[in-house]
Amino acid sequence: MRSDDRTVYGLEAPLRLVASHDIAQPGFQSARRGEFVLMGASSQDASTEIVLRDLTILGVPLAKFVLRSPSGDTRLLRVDFDRAMTEADAFSFIQRLADAWSATLADGQRDPWYGNLYVDIRWAGVKTITAHSGGITASTQMTSIENVAVTPALLSAMRWSPLTDVFVEGMKASQPKSKFLFWFVLLEELEKREEFLSLFTPMFSAEHKAQLQDAVRSNGPALQRLNSLLNNPTTTLEGRAAKLARIVVEVGGSSIDGLSGPIVVDQARCAALIEQRNKVAHKGSSIDRDLLYTVLFPLSRIALKYILDRDAGTVSEPRP
């Protein structure tokens with residue numbers, strides 16, 4: 001029997017709340033920290049052990065979920081499965097849990113300039129169970145400490161998809177270009193969604209398609225390339241920025257709550273995002289961090305939520 005086929009009944013995993021990056025520049029230093037706490041507890045109660053029972057997280061029933069008292073910046077998580085599973089499935093579960101949990105943290109991070117907080121697994125300390133059983137100081141040094149409430153409702157409502165992994169990789173990335181590329185993937189996924197195709201006008205009518213196909217029918221390779229263009233759902237009279245702006249309205253992202261008030265995501269801002277995406281791989285091109293953190297980050301979070309809701313059948317049809 002391979003080790004990943006071994007039957008396990010739970011596991012222990014050291015967890016930390018880690019920030020993707022700090023800011024260090026002449027005269028200023030920032031750091032972000034996070035602590036797991038019980039709902040309603042203060043930072044003074046951050047050392048309390050957290051014990052929850054009879055939960056279902058990401059479709060996996062748990063008899064017990066325990067976050068032991070912290071050791072330094074780490075808490076030891078122990079989960080006891082309601083029924084046995086393979087070691088490989090147990091490891092997959094804990095990674096999906098960390099990703100899904102990290103994604104939920106994005107809701108409360110309106111100032112990602114100072115780093116994205118995410119759940120980090122100290123994999124070297126992971127063990128399987130094989131039997132039942134902030135403020136700013138006068139010296140301009142800033143440290144923000146965020147309490148992350150641990151509740152049965154939050155854990156039970158977590159969801160995961162491969163796109164969650166993409167979104168969280170953006171949260172973990174330390175470089176702005178990497179963050180941009182990961183988070184923009186969520187917008188590209190929105191652009192591909194079938195439910196939005198009817199919102200836009202195809203560039204070619206059925207009659208025009210037939211005429212163009214007849215003109216090159218004797219040239220097989222040319223016909224194949226033409227069909228690829230004609231049948232591409234992105235080939236519409238509307239430009240990409242206009243279409244993205246319309247889709248943003250459909251998913252509820254046209255106005256974002258910013259630190260200083262609402263941020264309107266209109267066609268101009270969508271065009272700026274697309275232009276930034278086209279330049280991001282170029283040498284010497286810099287990232288507009290205001291666009292990255294105040295627009296793309298919350299917009300990608302909204303996109304992920306929409307896709308997860310839609311795929312789970314929990315959102316209404318797009319507005320006509």
Side-chain angles (χ1 to χ4, degrees), residues 8-20 31-83 85 89-112 114-129 133-134 143-161 164-165 167-168 171-172 301 304-305 308-309 312:
V8 300
Y9 296 90
L11 54 75
E12 293 183 342
L15 301 182
R16 300 181 303 167
L17 288 165
V18 178
S20 62
R32 167 164 274 159
R33 292 171 48 204
E35 297 175 338
F36 296 107
V37 297
L38 281 167
M39 175 62 79
S42 66
S43 57
Q44 287 75 26
D45 301 318
S47 62
T48 304
E49 183 174 84
I50 300 172
V51 181
L52 305 173
R53 300 178 186 276
D54 300 323
L55 291 177
T56 297
I57 303 176
L58 299 175
V60 177
L62 304 179
K64 185 186 290 187
F65 177 101
V66 180
L67 277 170
R68 292 180 179 157
S69 297
S71 175
D73 64 350
T74 303
R75 276 189 185 255
L76 184 64
L77 168 67
R78 171 168 173 149
V79 293
D80 292 301
F81 302 128
D82 190 58
R83 48 183 174 269
M85 65 172 63
D89 286 342
F91 290 157
S92 173
F93 165 75
I94 200 66
Q95 181 62 69
R96 289 185 292 116
L97 170 62
D99 285 348
W101 206 341
S102 297
T104 68
L105 303 182
D107 285 344
Q109 294 181 44
R110 296 186 180 178
D111 58 344
Y114 302 107
N116 292 110
L117 206 62
Y118 65 91
V119 179
D120 177 59
I121 304 170
R122 307 298 299 273
W123 279 103
V126 173
K127 299 177 181 178
T128 56
I129 300 168
S133 35
T143 299
S144 60
I145 301 176
E146 301 181 18
N147 292 336
V148 175
V150 183
T151 69
L154 180 145
L155 295 168
S156 300
M158 285 181 183
R159 294 168 300 175
W160 184 93
S161 82
T164 308
D165 181 58
F167 178 76
V168 173
M171 294 179 67
K172 295 178 181 178
R301 175 172 53 82
L304 177 62
K305 182 180 185 302
L308 291 175
D309 285 345

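Residue numbers run from 1 in the order of the sequence given. These figures come from a predicted structure and were not determined experimentally.
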Side chains of I94 and I121: closer than 4.5 Å at any heavy-atom pair? yes
For T74 versus P14, what's the shortest heavy-atom pair and its separation? CG2-CB, 3.6 Å
Are Y9 and D80 packed together at the side-chain level, in the sense that at least one heavy-atom pair is separated by less than 4.5 angstrom? no
Do the side chain of R75 and the main chain of L67 share a donor and acceptor less than 3.5 angstrom apart? yes
Donor-acceptor contact below 3.5 Å, side chain R32 vs main chain G115: yes
Please report the closest heavy-atom contact between A90 and V8, naming both atoms and the distance. CB-CG2, 3.7 Å
Taking the side chain as C-beta and beyond, is there a heavy-atom pair between D99 and K172 under 4.5 Å? yes
Note, V37 side chain near V148 side chain (heavy atom, < 4.5 Å): no
Distance, nearest 0.5 Å, that separates CG of L76 from CZ of R122: 12.0 Å
With the side chain counted from C-beta on, respond yes when V66 and L77 share a heavy-atom pair under 4.5 Å apart, and no when they do not. no
Looking at D309, T164, T104, which hits side chain to side chain donor-acceptor pair (under 3.5 Å) with R159? D309
Heavy-atom closest pair, residues S102 and Y118: OG-CB, 3.5 Å
Output for pair (Q95 CD, W123 CH2), nearest 0.5 Å, gives 5.5 Å
Does the pair R68/E12 count as a salt bridge with the N-to-O cut at 4.0 Å? yes
Side-chain heavy-atom pair F167, D165 within 4.5 angstrom cut-off: no
Rounded distance [0.5 Å steps], CG in L308 versus CE in M158: 13.0 Å
Give every donor-acceptor pair under 3.5 Å between a side-chain atom in residues 53-65 and any protein atom, sequence neighbours left out.
none

Going from OG on S92 to CE on M85, what distance comes out if it is rounded to the nearest 0.5 angstrom? 9.0 Å
Going by heavy atoms in the side chains, are D107 and K305 under 4.5 Å from each other? no
Closest non-hydrogen atom pair between A103 and V168, with its separation: N-CG2, 4.0 Å
Nearest-0.5 Å distance, CG of residue D120 to CG of residue L15: 8.5 Å
Got a donor-acceptor contact below 3.5 angstrom from the R16 side chain to the V119 backbone? no
Can the ring centroids of W101 and F36 be said to lie less than 6.0 angstrom from one another? yes
For the pair R33 and D73, find out whether any cationic side-chain nitrogen is under 4.0 Å from an anionic carboxylate oxygen. no
Taking every non-hydrogen atom, the tightest pair across M171 and S20: O-CB, 2.9 Å
Please check if the side chain of S156 supplies one atom and the backbone of A153 the other of a donor-acceptor pair under 3.5 Å. no
Minimal heavy-atom distance between I50 and L38, with the atoms involved, is CG2-CD2, 3.6 Å
